[in-house]
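Take a look at the structure set out below.
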Amino acid sequence: MLSTEHKAIITATVPILEQGGEALTRHFYASMLRDYPEVKPLFNQANQAGGTQQRALANAVLMYAKNIEKLENLGPLVGTIINKHVSLQIQPKHYPIVGASLLKAIREVLGAEVATDAVIEAWGAAYGQLADILIGAEESIYKQNEQAEGGWRGARSFKVASKTVESDEITSFVLVPADGGKVVTHKPGQYIGLTVKVDGQEQRRQYSLSAASNGVDYRISVKRENGGLVSNYLHDQVHVGDTLSLFPPAGDFVLADSDKPLVLISGGVGITPTLAMLTAALAGSRPVHFIHAARHAGVHAFREHIDALAAKHPQLKRFYCYEKANADGTQPHATGYLNPQQLAEWLPETRDVDAYFLGPKPFMKAIKSQLLELGVPATQTHYEFFGPAEALA
Ligand SMILES: Cc1cc2nc3c(=O)[nH]c(=O)nc-3n(C[C@H](O)[C@H](O)[C@H](O)COP(=O)(O)OP(=O)(O)OC[C@H]3O[C@@H](n4cnc5c(N)ncnc54)[C@H](O)[C@@H]3O)c2cc1C
Ligand code: HEM
């Protein structure tokens with residue numbers, strides 16, 4: 001339990017975190033990865049280089065400090081962290097490493113005048129409280145996954161049963177357990193964690209499950225990233241019959257039960273979780289508007305699949321937008337970037353819809369503001385990042 005005095009000190013540090021939180025977390029990561037190289041494989045180095053993970057942690061620490069008197073106000077932030085951690089198999093033994101590195105960073109960045117013994121003690125206690133919450137919640141998911149039918153704990157070997165080129169950039173892999181057992185069900189929108197060795201170095205990444213749950217196998221659909229370590233490894237070096245190590249499904253960007261019309265909007269490879277959501281929604285009768293943006297026809301994955309579903313399910317309407325028109329062949333419904341006028345035409349007449357969207361950050365920023373402008377309630381808009389969460393405002 002945090003004392004009243006601890007809480008007062010944490011609250012008093014909010015202005016410091018507001019100003020210097022990112023400098024603190026940058027220092028924290030650099031020093032932790034230097035002092036404890038054993039945790040380096042857990043972290044995606046591209047997210048470190050781009051600063052997104054430092055910003056996500058700085059934001060989480062700030063939100064925690066601001067809400068230290070009322071932790072329930074932290075809302076979905078804690079769930080996102082827990083799911084991310086579970087997908088990467090963060091363990092209780094890792095928490096003291098992060099705790100020690102965080103206190104060290106507070107001391108070194110803020111200096112002895114600000115980071116007094118009392119401040120360090122309060123932050124040590126506050127960190128311990130948050131760590132206990134996360135460790136407890138993460139363990140309960142690990143246990144749940146282990147005990148569920150087809151479930152497991154830690155890494156499990158899967159064989160690549162098929163490899164299908166979906167576009168110039170995206171390839172799907174169907175993965176079946178090497179032990180011949182079942183797989184635990186996933187909610188539409190969830191992702192799996194995967195650990196691979198590339199050039200002798202362990203790397204962990206997450207991939208959304210791009211097909212509905214069937215208890216037998218998982219499908220992921222991977223975009224080849226320019227200069228990306230794992231995506232290029234999967235595309236070029238992993239073949240049918242090869243083995244991959246997977247952690248159980250996780251994720252809180254999931255299709256909630258509802259009868260409202262459903263709007264799924266994706267840009268590029270952001271289509272993957274919406275495919276599983278679409279299949280789940282089409283099992284019922286709610287109207288579904290599926291909107292997809294791609295740079296051009298060559299990189300448009302799953303068009304035939306969506307067209308076939310639309311032919312079979314009259315409640316599904318689909319719209320495609322390409323940055324530029326094709327010289328020939330199949331044309332999109334619109335060209336250029338999605339804009340409010342176009343989106344207004346493609347949304348259901350009612351704005352009382354559930355909207356789920358995913359794509360590159362500028363795309364998501366535009367979609368979020370356009371949905372709000374068109375009258376979709378903010379609480380009915382849902383999104384996820386293919387990386388550490390960022391602000392869309
Ligand atoms: C919840 C979730 C779901 C996801 N679902 C999917 C999915 O369904 N399909 C999918 O394709 N991806 C998905 N991703 C993204 C995926 O996890 C990987 O991030 C993606 O495949 C890129 O990984 P990589 O190893 O190929 O690239 P990385 O090696 O991580 O590099 C990414 C980019 O950063 C650049 N970079 C790397 N290091 C540096 C550096 N030091 N300085 C500057 N730039 C650098 C690289 O050139 C590259 O362009 C998801 C991510 C999350 C978090
Ligand atoms: C109280 C302690 C902790 C807090 C507040 C915290 C907070 C966060 C936050 C905010 C994210 C980003 C979530 C997202 O938006 O995707 C994250 C991701 C992550 N955390 Fe933690 N974390 C804590 C402890 C730990 C520990 C002990 C480890 C293991 C060493 C760890 C490893 C990771 C990793 C590997 C990621 C993903 C990074 C990436 O995608 O590059 N965290 N954490």
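Both ligands and their constituent atoms are indexed starting at 1 by order of listing. Sequential numbering from 1 along the given sequence is applied to the chain's residues.
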> Do we see a donor-acceptor contact under 3.5 Å between the side chains of S167 and H300?
Replying inline: no
>> Only heavy atoms of G227, strictly under 4.0 Å: list the atoms of ligand 1 that pass.
In response: 46 (C), 47 (O)
>> Nearest non-hydrogen contact with atom 28 (P) of ligand 1 belongs to which option: R205, R224, H235?
In response: R205
> Just heavy atoms, cut-off under 4.0 Å: does Y127 contact ligand 2 by side chain, backbone, both, or neither?
Replying inline: side chain
> Are any of the heavy atoms in E225 under 4.0 Å away from ligand 1?
Replying inline: yes
> Is there a nitrogen or oxygen of K84 sitting under 3.5 Å from a nitrogen or oxygen of ligand 1?
Replying inline: no
> Taking heavy atoms and a distance under 4.0 Å, where does Y191 meet ligand 1: side chain, backbone, both or neither?
Replying inline: side chain
> Does S221 approach ligand 1 within less than 4.0 angstrom via side chain, backbone, both or neither, non-hydrogen atoms only?
Replying inline: backbone
>> Nearest non-hydrogen contact with atom 17 (C) of ligand 2 belongs to which option: Q53, K84, E390?
In response: Q53
> Looking only at atom types and distance, does a side-chain atom of E146 sit under 3.5 Å from a main-chain N or O of G151, one as donor and one as acceptor?
Replying inline: no
>> Give me the nearest non-hydrogen protein atom to atom 27 (O) of ligand 1 as residue plus atom name, then the distance to 0.1 Å.
In response: G228 CA, 3.1 Å
>> Just to be sure I'm reading this right: ignoring hydrogens, which of N83, N226, L88 gets closest to atom 47 (O) of ligand 1? Compare them by their nearest heavy atoms.
In response: N226
> So, H333 versus Y320, ring centres under 6.0 angstrom or not?
Replying inline: yes
> Is the F158-W152 ring centre distance short of 6.0 angstrom?
Replying inline: yes
>> Please list, in number order, the atoms of ligand 1 under 4.0 Å from a heavy atom of V269.
In response: 9 (N), 10 (C), 11 (O)
>> Any nitrogen or oxygen of F385 lying under 3.5 Å from a nitrogen or oxygen in ligand 1? Just yes or no.
In response: no
> Backbone or side chain, does any N or O of H85 fall under 3.5 Å from an N or O of ligand 2?
Replying inline: yes
> Within the structure, does Q45 bring an N/O atom to less than 3.5 angstrom of an N/O atom in ligand 1?
Replying inline: no
> Any chance the rings of F173 and Y207 have centres within less than 6.0 Å?
Replying inline: no
> Any nitrogen or oxygen of N47, main chain or side chain, under 3.5 Å from a nitrogen or oxygen of ligand 2?
Replying inline: yes
>> Just to confirm my output: which protein heavy-atom neighbour is closest to atom 41 (N) of ligand 1, and how far is it?
In response: A49 CB, 3.4 Å
>> Do N232 and R224 pair up side chain to side chain, a donor and an acceptor below 3.5 Å, judged on atom types alone?
In response: yes
> What's the shortest distance from atom 52 (C) of ligand 1 to any protein heavy atom, and which residue and atom give it?
Replying inline: F386 CA, 3.6 Å
> So which heavy atom in the protein is nearest atom 11 (O) of ligand 1, and how far is it from that ligand atom?
Replying inline: K223 N, 2.8 Å
> Is Q190 reaching over with its side chain to a backbone N or O of K187, donor-acceptor style, under 3.5 angstrom?
Replying inline: yes
>> How far is atom 26 (O) of ligand 1 from the closest protein heavy atom, and which atom is that?
In response: S231 OG, 2.6 Å
>> Tell me whether the count of non-hydrogen atoms from other residues, nucleotides or ligands lying under 6.0 Å of CD in Q147 goes above 12.
In response: yes
> Have E166 and S172 got a donor and an acceptor in their side chains that come within less than 3.5 Å?
Replying inline: yes
> Between T272 and ligand 1, which residue portion shows a heavy-atom distance shorter than 4.0 Å: side chain, backbone, both, or neither?
Replying inline: side chain
>> Show the atoms of ligand 1 that are less than 4.0 angstrom away from any heavy atom in L229.
In response: 24 (P), 25 (O), 26 (O), 27 (O), 28 (P), 29 (O)
>> Could you tell me, atom by atom, which parts of ligand 2 come under 4.0 Å of a heavy atom of P388?
In response: 14 (C), 15 (O), 16 (O)
> Looking only at heavy atoms, is any part of A60 under 4.0 Å from ligand 2, and if so is it the side chain, the backbone, or both, or is it neither?
Replying inline: side chain
> Within the distance-only criterion (no hydrogens, no angle test), does the side chain of Y356 pair as donor or acceptor with the backbone N or O of G189 below 3.5 angstrom?
Replying inline: no
> Is a side-chain donor-acceptor pair under 3.5 Å present for T11 with E69?
Replying inline: no
>> I'd like to check E121 versus D117 (side-chain heavy atoms, cut-off strictly below 4.5 Å). Are they in contact?
In response: no
>> Out of all atoms in ligand 2, which are within 4.0 Å of some heavy atom of L130? Include the element for each.
In response: 1 (C), 5 (C)
> Among I81, T52, T80, which one has a heavy atom closest to atom 9 (C) of ligand 2?
Replying inline: I81
> How far is atom 14 (N) of ligand 1 from its nearest protein heavy atom, and which residue and atom is that?
Replying inline: Q206 O, 3.4 Å
> Is a side-chain donor or acceptor of K163 paired with a backbone partner of H235 at a separation under 3.5 angstrom?
Replying inline: yes
> Which atoms of ligand 2 have any heavy atom of A389 under 4.0 Å away?
Replying inline: 14 (C), 15 (O), 16 (O)
>> Going by the closest heavy atom to atom 4 (C) of ligand 2, which one wins out of I133, L134, V61?
In response: L134
> Can you tell me the protein heavy atom closest to atom 20 (C) of ligand 1 and the distance?
Replying inline: Y207 OH, 3.8 Å
>> Please report whether ligand 1 has a polar contact with G387, defined as an N or O pair separated by less than 3.5 Å (distance criterion only).
In response: no
> Polar-atom distance check: N232 versus ligand 1, any N or O pair below 3.5 Å?
Replying inline: no
>> Below 3.5 Å, N or O to N or O, backbone or side chain included: is there any such pair between A56 and ligand 2?
In response: no
>> Judged on heavy-atom distance to atom 36 (N) of ligand 1, which of G189, A46, S208 sits nearest?
In response: A46
>> Below 4.0 angstrom, counting only protein heavy atoms, does anything approach atom 44 (N) of ligand 1?
In response: no
>> For the CD atom on E38, are there more than 12 heavy atoms of other groups (residues, nucleotides or ligands in this structure) within a distance under 6.0 Å?
In response: yes
